[in-house]
Amino acid sequence: MEKIYKSEVGKQEVIEQYQKILASWPVENHQYEVKTSFGTTFIIESGLKENPPLILLHGSVSNSYTWYGDVASLSKTHNVYAIDIIGEAGLSAPSRPDYESGAYALWLNETINALRLNSCSIVAMSLGGWMALSFATNYPDKVDNLILICPGGLAHEKASFLWKAIIFSLLGKWGQLKTLKLVGGGNISSSSLSGLGEDFAFSSLTFKYFKPRTAKMPLFTDQSLCKLTMPILMLFGDSDQLIPASKSIKRLKQFAQQAKIELLPDTGHLIVKQADRILKFLKNND
């Protein structure tokens, strides 16, 4: 199985910090693993069982800490399952099947079946958004609502982003700031780093030791996108440096005319704390 960390020591440091975060999860929860043919998948479940099920999928070089600021609000009205994606910096298996293999739709289907859900709503970011689209185009009847946050797969990624981020990661605090500006949209100054606290510290630690995926997310075919008949909300930042917002928006509109799309001003690729928007959309469609 592929090694996804640069060293065993670095892996342990990232996992230990993540486990500390999980111990202080902001809402009552149940943390456990489910088995899939791709290895175990780690789940953080919160909210009442009788509420509508809601899956959360984070982006690359990350884990379910992405949802730390949203999960308490989302759990008030939904049974929330924050899932660590396989092959990423969480507690799921380090499996990284080829994007073109169809494995990620199968993995998510196996995970949802293991959770004994007939259908669910999904909130997914970036790489997680690509995986959610893969699942939704293969199993459309299992998706009640689809909330996509800067998803991959609708337009070609900007090739220069990853290599810039890798170079910047080697250049200390200056490089970390440049990487943060790439992800956040450029509206971050050196003086604001101290206010980011644990968020920035953990992100920096992860990028220091974790090996990011280098393959590009494949584009979905027109035929696949025609299967997206469920209610859809898509959020993009107007300053996204990784995935072209305008091209992605145009393509989704072409095949899913029912989609509600919001372009957020002065916002980059990292879009968090969107619980109010998400809940408003779900309330109108559940």
| request: Run through I55, I149, L233 and flag the one making a side chain to side chain contact (heavy atoms under 4.5 Å, CB included) with V123. | output: I149
| Atom CG in L205, atom CD in Q17: separation rounded to 0.5 Å? | 6.5 Å
| Distance from T206 atom OG1 to Y18 atom OH, nearest 0.5 Å? | 10.0 Å
| task | Starting from the C-alpha separation in whole Å, work towards a yes-or-no answer on side chain to side chain contact (heavy atoms under 4.5 Å, CB included) for Q274 and L264. | result | CA-CA 11 Å; Q274 297 298 312; L264 308 182; 4.2 Å; yes
| Are any non-hydrogen side-chain atoms of P140 and M230 less than 4.5 angstrom apart? | yes
| task | Please work out whether the ring planes of Y68 and Y65 are parallel, tilted or perpendicular, with thresholds of 30° and 60°. | result | perpendicular
| field | Spacing of D240 atom CG and S248 atom OG [to the nearest 0.5 Å] | value | 8.0 Å
| field | Note: K3-E8 ion pair, threshold 4.0 Å (strictly below) | value | no
| If you look at every heavy atom in K35 and A114, which pair is closest and at what distance? | O-CB, 4.5 Å
| message | Looking only at the aromatic ring of each residue, does the gap between the centers of F135 and W107 stay below 6.0 angstrom? | response | no
| message | Show the nearest heavy-atom pair for residues Q258 and I232, with the distance to one decimal. | response | NE2-CD1, 3.8 Å
| Got K142 and N113 here, is their nearest side-chain heavy-atom distance under 4.5 Å? | yes
| Flag if over 12 foreign heavy atoms under 6.0 Å of NZ, K11 | no
| query | What pairs with K260 under salt bridge (charged side-chain N to carboxylate O under 4.0 Å, His left out), at least two apart in sequence or on another chain? | reply | E262
| message | Measuring only between side-chain heavy atoms, which start at C-beta, is D70 closer than 4.5 Å to I278? | response | no
| request: Could you tell me whether the side chains of S121 and D144 share a donor-acceptor contact shorter than 3.5 Å? | output: no
| task | Apply the test side chain to side chain contact (heavy atoms under 4.5 Å, CB included) to residues I112 and Y81: give CA-CA distance (whole Å), side-chain angles for both, the deciding distance (0.1 Å), then the verdict. | result | CA-CA 10 Å; I112 288 171; Y81 301 86; over 6 Å; no
| query | Does the side chain of P151 reach to within under 4.5 Å of the side chain of W130, using non-hydrogen atoms? | reply | no
| request: Working to the nearest 0.5 Å, report the span between OG of S75 and CD1 of I44. | output: 10.5 Å
| query | Can you find a heavy atom in the side chain of F202 that is under 4.5 Å from one in the side chain of N63? | reply | yes
| Heavy atoms from other residues, nucleotides or ligands near CD of Q223 exceed 12 (cutoff 6.0 Å) | no
| query | Taking atom NZ of K76 as the centre, does the number of heavy atoms from other residues, nucleotides or ligands within less than 6.0 Å exceed 12? | reply | no
| note | Interatomic distance, CG@L148 vs CG@L57, rounded to 0.5 Å, equals 10.5 Å
| Just wondering, are more than 12 heavy atoms of other shown residues or ligands nearer than 6.0 Å to CG in D98? | yes
| Are there more than 12 heavy atoms of other residues, nucleotides or ligands under 6.0 Å from atom CG of D222? | yes
| Roughly how far, to the nearest 0.5 Å, is CG of L74 from CG of N51? | 11.5 Å
| query | Do N29 and S46 have side-chain atoms, one donor and one acceptor, less than 3.5 Å apart? | reply | no
